[in-house]
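Every value quoted in this text rests on a predicted model; they were computed, and no experiment measured them. Throughout, protein chains are lettered first and strands after them, A, B, ... in sequence-line order, and every chain is numbered starting at 1.
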There are 2 protein chains.
Amino acid sequence: MPNIPQNLKQAGLKTTLPRIKILEILKNNEVRHVSAEDVYKLLLESGDEIGLATVYRVLTDFENSNLVIRHNFEGGRSVFELNDQPEHDHMVCTECGHVFEFRDERMNERQKNLATNAGFSIADHSLYVYGTCDGIKDRGECDMPPRRDLDIIVKK
Amino acid sequence: MPNIPQNLKQAGLKTTLPRIKILEILKNNEVRHVSAEDVYKLLLESGDEIGLATVYRVLTDFENSNLVIRHNFEGGRSVFELNDQPEHDHMVCTECGHVFEFRDERMNERQKNLATNAGFSIADHSLYVYGTCDGIKDRGECDMPPRRDLDIIVKK
DNA sequence: AGCACTTATGAGAATCATTCTCAATAAAAT
DNA sequence: ATTTTATTGAGAATGATTCTCATAAGTGCT
Ligand SMILES: [Mn+2]
Ligand SMILES: [Mn+2]
Ligand SMILES: [Zn+2]
Ligand SMILES: [Zn+2]
């Protein structure tokens, strides 16, 4: 089991209670793509009184030390996820809010080639697909909580 | 030359002065990816006193009637562009702010297949690539204003 | 453990983009 | 021209996020 204080130290961050608690939440398998507000509420639920400003600060610190990745889905609020998966993209269901993760190696490659050929150095990229997960819903997979593993993997 | 009142009527929008002025700006070849604030300032520069709230409203109306497309690049502000180009994606230079447009038919297809196979109905998607345009800059293409035509087209 | 030094936290104020409210106005319909 | 209905403008309100600054907590060193 990964040692959280260890993780923080490695990331160059002091081991403080708020950071430990928040990293615990993010490592918890029950959640995956969470907003700052979500984290704040989860903390309250577990009896930890940590200010919202602190939650934002900690998440930003985590982002800067690459412990988490920040997403800007439509809707104006940032969403964070633990940076413990290979690079992947997201499909967001605009009906039920479920976020599906997928990975398409060939698409990544194509993106890189494209940029490189154009003389552009990629620092980052974001691909979000919005729609509804009807088909998946029909198969009873929609209302399940997001899974730890990528939902869809497209092989080369 | 496309008739602006015509365009508005077709879109089911009343022909009002603010709408005409704003559509004029968007159709003007000098700008392409603009924020509401940008539009507001351009209006002021040309002596039109149109409230910022109206600019936002009009742009949203335009979006709803598919006259424009709204982008949510990183940085928390929406950017709009006239919807007069085939579907395309964007590379945003985080140094100079230049936005390059590109189109990769195969990537689009792949996205669609991916989603379809997963039982997901795509309503929309956004692919933004962030980085720096060093190479392009070297070739003296970077600080030019965005062009009307897609910057980069990748053929099948 | 106790002390000093540095960094993080909390609460609330401040900021920023965007939306809302509502009275005044302008466009379309009759 | 008159009525009807949608739009505008100014400023207030909102919502997410950041900032400020006094207080508290972590870390290193006696
Ligand atoms: Mn993810
Ligand atoms: Mn574009
Ligand atoms: Zn769904
Ligand atoms: Zn550049």
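- Between the CG atom of B/L13 and the P atom of C/dA26 there is a distance of 19 Å, rounded to whole Å.
- Within the structure, a side-chain polar atom (N or O) of A/T16 is placed less than 4.0 Å from OP1 or OP2 of C/dT9.
- Separating the CG atom of A/L17 from the C1' atom of C/dA8 is a distance of 12 Å, rounded to the nearest angstrom.
- Here B/D104 contributes atom CG and B/E87 contributes atom CD; the two are 12.0 Å apart, rounded to the nearest 0.5 Å.
- Following rounding to the nearest Å, A/R57 (CZ) and D/dA24 (C1') show an atom-to-atom distance of 12 Å.
- Regarding contacts with the backbone of C/dA8, every side-chain N or O of A/T54 stays at 4.0 angstrom or more from both OP1 and OP2.
- In this structure, A/H88 and A/H33 have perpendicular ring planes: the angle between them is above 60°, well past the 30° mark.
- Side-chain polar atoms of A/S35 and A/D38 form a donor-acceptor pair below 3.5 angstrom.
- Dashed line: the shortest gap from a side-chain N or O of B/R19 to OP1 or OP2 of D/dT7 is under 4.0 Å.
- For A/A53, counting side-chain heavy atoms from C-beta on, the closest listed nucleotide (C/dG12, C/dT9, D/dT8) is C/dG12.
- The interatomic distance linking B/L59 (CG) with D/dT8 (P) rounds to 11 Å, in whole Å.
- Defined by atom type and a distance below 3.5 Å, a donor-acceptor pair is missing between the side-chain atoms of A/T60 and A/R57.
- Across all strands shown, A/E49 has heavy atoms under 4.0 Å from sugar-phosphate atoms exclusively, and none from any base.
- The side chain of B/T15 places no N or O atom within less than 4.0 Å of a non-bridging phosphate oxygen (OP1 or OP2) of C/dA27.
- Between B/V79 and A/D61, it is A/D61 whose nearest contact on DNA chain C lies nearer the 5' terminus.
- If you measure from atom CG of A/N64 to atom P of D/dT18, you get 10 Å, rounded to the nearest angstrom.
- Proximity of B/S78 to the phosphate of C/dT18: a side-chain N or O atom is located under 4.0 Å from OP1 or OP2.
- What separates OH of A/Y40 from P of D/dG15 is a distance of 16 Å, to the nearest Å.
- Using a cut-off of 4.0 Å between Lys/Arg side-chain N and Asp/Glu carboxylate O, B/E105 and B/R103 are scored as salt-bridged.
- Distance CZ (A/R77) to C1' (D/dA16): 8 Å, rounded to an integer number of Å.
- What separates OH of B/Y56 from P of D/dA13 is a distance of 19 Å, to the nearest Å.
- Both A/V55 and A/K14 sit near DNA chain C, but only A/K14 has its closest nucleotide nearer the 5' end.
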